[in-house]
Amino acid sequence: MSHTPMSHTATEMMSIAAARLLTDDDVCFVGIGAPSAACNLARLTHAPKITLIYESGTLSTRPSVLPLSIGDGELCDTALTTVGVPEMFRYWLQGGRITIGFLGGAQIDRFANLNTTVVGDYAAPKVRLPGGGGAPEIAGNCREIFITMAMGSRAFVETLPFITSFGHGKGKGDRERLGLKTRGPTKVITDLCVMEPDAETAELTVTALHPGVTRDQVQAGCGWTLRFAGELVETSAPTAQEIEILRDLHARTKRAHGVAA
Amino acid sequence: MSHTPMSHTATEMMSIAAARLLTDDDVCFVGIGAPSAACNLARLTHAPKITLIYESGTLSTRPSVLPLSIGDGELCDTALTTVGVPEMFRYWLQGGRITIGFLGGAQIDRFANLNTTVVGDYAAPKVRLPGGGGAPEIAGNCREIFITMAMGSRAFVETLPFITSFGHGKGKGDRERLGLKTRGPTKVITDLCVMEPDAETAELTVTALHPGVTRDQVQAGCGWTLRFAGELVETSAPTAQEIEILRDLHARTKRAHGVAA
Amino acid sequence: MAEFVSLAEGIESVVRDGCSVAMEGFTHLIPHAAGHEAIRQGRKRLTLIRMTPDLIYDQMIGMGCAEKLVFSWGGNPGVGSLHRLRDAVENGWPHRLELEEHSHAAMANAYEAGAANLPFAVFRGYKGVDLPKVNPRIKSVTCPYTGEVLATVPAIRPDAAVIHAQKADREGNVLLEGIVGVQKEAVLAAKRSLVTVEEIVEDFGPRNANAVILPSWAVTAIARVPGGAYPSYAHGYYKRANDFYIAWDKIARERDTFMAWMKANILEQGPEVFAHHAGLARQAA
Amino acid sequence: MAEFVSLAEGIESVVRDGCSVAMEGFTHLIPHAAGHEAIRQGRKRLTLIRMTPDLIYDQMIGMGCAEKLVFSWGGNPGVGSLHRLRDAVENGWPHRLELEEHSHAAMANAYEAGAANLPFAVFRGYKGVDLPKVNPRIKSVTCPYTGEVLATVPAIRPDAAVIHAQKADREGNVLLEGIVGVQKEAVLAAKRSLVTVEEIVEDFGPRNANAVILPSWAVTAIARVPGGAYPSYAHGYYKRANDFYIAWDKIARERDTFMAWMKANILEQGPEVFAHHAGLARQAA
């Protein structure tokens, strides 16, 4: 396999940066979309033994294509076993057996709280979003949370109209005050950068810029004034292998879903 | 098959009298021993479609021999399906899906409360019995309860040292006062007679004598002064078919359990 | 014991105007044919209960069957919005829709509690989030041993549950395999239940002793509707028609394209079209 | 990920002096070989947790391994008393045994709550009976919706769970079939777990997607002990030795016959005898 640098999209960089954070020892609760791409990329590259769980009840699944929904037959066919949904939420998620929960959302604030419920007033919404689904309890019960979202000033907002999933509340210590014993969001992997909660304040802080991305570009995609870490690193560019495997995965997926690749 | 009268034992009469009370429409929660013999005799004679459930999780089981324990492999092999024990107690028993719960016990009082826990003081018992097992919640959650026990003045007692399973408490209305919505014990089938709770007081009242049994014999096997119904009937004698099928069942069972028939 | 009925008879007797109904299936085995039949019969004022309303409730809401929706995630999985649900919530079309919104964990626990004949479910959830502010049915209990405060929701006890399964046998026992979701719980929690099945068999044949099987005496009615889960899927029979899920986005986006599609594909059709659809989905796979 | 160990290593690392241990198996798959190993290693001051103490705990209690028993039915199924349990409770031999007694429903719910990481279980039970008078851990909560008062018990969260299963695969996943009891819950509720298995296979082969499978990452240690459930049974391998259950009544009735049997059959033997016993049980079946 060639190791010549290849050009890549920002979305590919996001998936690859997220995938790199995962290890063989992780047990991941995977959502659809960007998280699913990242987790399966990790499995197909450096973390072949990673355990992937989808909330439809499929334990230790190894899909060859990305599912369109969290309950595609592919997930069950390639799973070690499949359990009912009440058991999934009771024994496996609430049971504390998940190391990493992957979440996305329509909106995020500076303390990594997420909104996927409504824009505008709840009773008379401007935009009705799908709602929480598994997210509120994923956010509370996994050992830590990785968030993947593409940046944009309508997504990274100063104030959320609705908190669907709890991140760090209004800052350091809020999780502990609610009795949460899990770490909450520890990484936000975007298409432009990686953010982490500040050790003192829990405010999201940019710790790595993806190759070729400037601070101004990141700030332009964010509705609040961003903090940057003192030691800001540059994400390693995707390897040719990472890009090839990711693109193969997407091409197989599109064919399987009846969409021209 | 011959219909010539055959001699029978009192224990056989007890099993047969209990079996006759069951119908194809019943869903029975079956305990080991006399209840198991009665339920399977019903299934092998007049109620072939009766649904039998054992607390080990076997639903709609059709054993060809009587199990020694409630978890014998025979029960699982012949079951429609087998569920885990928590599900058995939550969805099936507490779920209110059982029409008849069969119980026995070491001791019973005049209101059909049962003791299978201790004789003497709980903390320093004279005789430590096995305990409640499934009985407390069988007694509370089945639509009605049939009790089968051989009579004897140490078993049918004036006062129980310990109430393991609740029958009618201290009389009519006690179940309702506890919020129980089920009927509780409606029949006590013994080796000598059948008793039923009195409609006014809920005190056990002899309603049928088995063939050849006298009132005095029944009273001699009971530690309290028994009431007899005004219209006391005689139980029909076992038919030859009933006896043959019951004896065949016991003989197959003994062979299967490694005991000479 | 379960009664064998036609789909029309089953919907008529099990899903009645004004009742609460849970049509469940977690992506897999969604009872679409039953939803279509309820629309054809003009069912009204239903409380629709489902973790993921999906296309089935988008269609029923758009056709005015529902006065209330109890749900936890209302999107078109992997595609985007449910436009008919949004139109009802955002614009009150075809009429106002009351929402009772939960999380998946809450609903899964509420079904479990319903099946277990408990009045409420206890779980560790809803910490720090806004849903309890807009849903007064979310409450709490204190653990009598540790003092921890845990979230509660009322048990789900629908008037009716409707599910799709792979097989029934002649006695009316039902077999589900693959992703089994909350269907067992929905049926056990409900007063009445209707199960549509791919086929009716003499015997389930060799199977694992722990497959999900609903005994005949826990089911009200069974109707054979081959393909009845399409465009969802039936494990071992046909695959999910992901292309239809993608196509639905365009159909449902506008009221007129939606109504035209409903007329041509539901109002003027019968349940027999599902075998045809599923056949095509099977060939495409 | 589960580690493959010998039985002796497994008991040594998972079941430690003074810990609480649930050795489960509802009549089926009772981990007798593991119990014998704990006795040989002279384990002391254990809190033994099991719905049905059965012969396995009768032996451990008689050998002085236990200081407390948490249980719901303490008999020899279909035979009669557990004489060593009775001797401990009635006469304090070989020493005093503390009892924490529940009903089956309570323990099944308490395991379920433990697996679900809840501090307590709620159920509809214990109405009108005397057990709550002698077990202060039985309490209640009030339903926040209906006002109904329901029974509670603390979740069971043992230090160790020990079970026997049919198979493990090379990755350390575990397969149970037949009567599955509360073993899944016991393992998930425990801090550490040891699973003895009939065999270790390359692959579980064709199986129903909903069989009871414990993933490798939910298990601590696995030891291959063929026949390890004898005189209980392993569905698909060998039958329950009902004759031994009947014979145990006489062996255990007196202290001296019990001690002689224990010396000859446990203290002076190793786990390899189980394959022999199970082989005989298989032939007899």
Side-chain angles (χ1 to χ4, degrees), chain B residues 32-33 55-58 67-77 82-90 93-94 113 115-118 122-141 160 162-167 169 174-175 178-180 256-259, chain D residues 25-28 51-52 71-82 85-86 89-90 99 101-109 111-112 115 123-131 133-134 148-149 177-185 212 232-233 235 239-246 284:
Chain B
I32 289 302
E55 68 192 4
S56 53
T58 52
L68 185 70
S69 78
I70 36 87
D72 277 19
E74 173 79 9
L75 295 173
C76 183
D77 282 334
T82 299
V83 300
V85 165
E87 179 180 326
M88 172 55 71
F89 281 96
R90 289 172 72 82
L93 180 60
Q94 184 175 268
N113 305 295
N115 172 31
T116 57
T117 304
V118 283
Y122 183 83
K126 215 181 307 176
V127 182
R128 175 64 226 198
L129 299 164
E137 284 75 25
I138 291 172
N141 289 306
L160 292 181
F162 195 94
I163 296 180
T164 307
S165 308
F166 192 76
D174 269 11
R175 290 183 72 83
L178 284 173
L180 290 165
H257 294 173
V259 179
Chain D
F26 204 80
T27 310
H28 180 216
M51 293 179 66
T52 56
F71 78 111
S72 44
W73 193 84
N76 180 345
V79 178
S81 291
L82 292 175
L85 167 59
R86 282 186 59 178
V89 174
E90 296 170 10
L99 294 187
E101 186 168 1
H102 292 280
S103 68
H104 277 354
M107 283 194 78
N109 275 291
Y111 274 119
E112 205 279 349
F123 67 110
R124 191 174 274 133
Y126 281 142
K127 287 260 170 88
V129 303
D130 283 344
L131 211 47
K133 297 178 187 164
V134 295
E148 181 180 351
V149 176
E177 289 181 300
I179 289 173
V180 293
V182 293
Q183 288 97 303
K184 180 183 202 163
E185 286 76 15
V212 172
S232 165
Y233 69 106
H235 209 105
K239 289 199 174 188
R240 189 170 190 266
N242 283 326
D243 56 345
F244 185 81
Y245 274 81
I246 294 167

Visitor: Are the side chains of B:Glu137 and D:Arg124 in touch, meaning some heavy atoms are under 4.5 Å apart?
Guide: no
Visitor: Based on non-hydrogen pairs under 4.5 Å, which of D:Lys133, D:His235, D:His28, D:Glu112 is most in contact with chain B?
Guide: D:His235
Visitor: Check whether D:Met107 gets within reach of chain B through its side chain, its backbone, both or neither, counting any heavy atom under 4.5 Å.
Guide: neither
Visitor: Between B:Tyr122 and B:Phe162, how do the two ring planes meet: parallel, tilted or perpendicular, split at 30° and 60°?
Guide: parallel
Visitor: For D:Tyr111, which atoms come within 4.5 Å of any heavy atom of chain B: side chain, backbone, both, or neither?
Guide: neither
Visitor: Taking every heavy-atom pair that is under 4.5 Å apart, which of B:Arg175, B:Glu87, B:Gln94 has the most such pairs with chain D?
Guide: B:Gln94
Visitor: Sub-3.5 Å donor-acceptor pair from the side chain of B:Thr82 to the main-chain atoms of D:Ile179, do we have one?
Guide: no
Visitor: When you measure from the side chain of D:Ser232 to the backbone of D:Thr27, do you find a donor-acceptor pair of N or O atoms at a distance under 3.5 Å?
Guide: yes
Visitor: If the test is ring-ring contact (aromatic ring centres under 6.0 Å, His included), which one of D:Tyr126, D:Phe26, D:Phe123 qualifies with D:His104?
Guide: D:Phe26
Visitor: If we only count heavy atoms from C-beta on, is the D:Phe71 to D:His102 side-chain gap below 4.5 Å?
Guide: no
Visitor: For the atom pair OG (D:Ser103) and CH2 (D:Trp73), what is the distance rounded to the nearest 0.5 Å?
Guide: 14.5 Å
Visitor: As an exercise, state the distance from OG1 of B:Thr164 to CG of B:Leu129, rounded to the nearest 0.5 Å.
Guide: 8.0 Å
Visitor: Counting heavy-atom pairs under 4.5 Å with chain D, which one of B:Ala124, B:Gly134, B:Ala135, B:Gly179 comes out on top?
Guide: B:Gly134
Visitor: Need one label for B:Glu55: side chain, backbone, both or neither, based on atoms under 4.5 Å from any heavy atom in chain D.
Guide: both
Visitor: Looking only at heavy atoms and a cut-off of under 4.5 Å, which of B:Pro130, B:Gly71, B:Ala139, B:Pro67 has the most pairs with chain D?
Guide: B:Pro130
Visitor: Checking B:Val118 against chain D: side chain, backbone, both or neither under 4.5 Å from a heavy atom?
Guide: neither
Visitor: In terms of heavy-atom proximity below 4.5 Å to chain B, should D:Arg240 be classed as side chain, backbone, both, or neither?
Guide: side chain
Visitor: Tell me, for D:Leu99 versus chain B, whether the close heavy atoms (under 4.5 Å) come from the side chain, the backbone, both or neither.
Guide: side chain
Visitor: Just give me the residue among D:Val149, D:Val79, D:Asn109, D:Leu82 that pairs up with chain B most often, heavy atom to heavy atom, under 4.5 Å.
Guide: D:Asn109
Visitor: Mind ranking B:Gly140, B:Gly169, B:Gly131 by heavy-atom pairs under 4.5 Å with chain D and telling me who comes out on top?
Guide: B:Gly131
Visitor: Shorter than 4.5 Å, heavy atoms on both sides: which option in D:Met51, D:Glu90, D:Gln183 has the most such pairs with chain B?
Guide: D:Glu90
Visitor: Counting N and O atoms only, with roles assigned by atom type, does the side chain of B:Asn113 sit under 3.5 Å from a partner on the main chain of B:Phe166, one being a donor and the other an acceptor?
Guide: no
Visitor: Please rank D:Ser72, D:Ser81, D:Pro77, D:Ala105 by heavy-atom pairs under 4.5 Å with chain B and give me the top one.
Guide: D:Ala105
Visitor: Specify which of B:Thr117, B:Asp77, B:Asp174, B:Leu180 makes the most heavy-atom pairs with chain D at under 4.5 Å.
Guide: B:Asp77
Visitor: Decide yes or no on side-chain contact (heavy atoms from CB on, under 4.5 Å) for B:Ile138 and B:Leu93, but give the supporting numbers first.
Guide: CA-CA 7 Å; B:Ile138 291 172; B:Leu93 180 60; 3.9 Å; yes
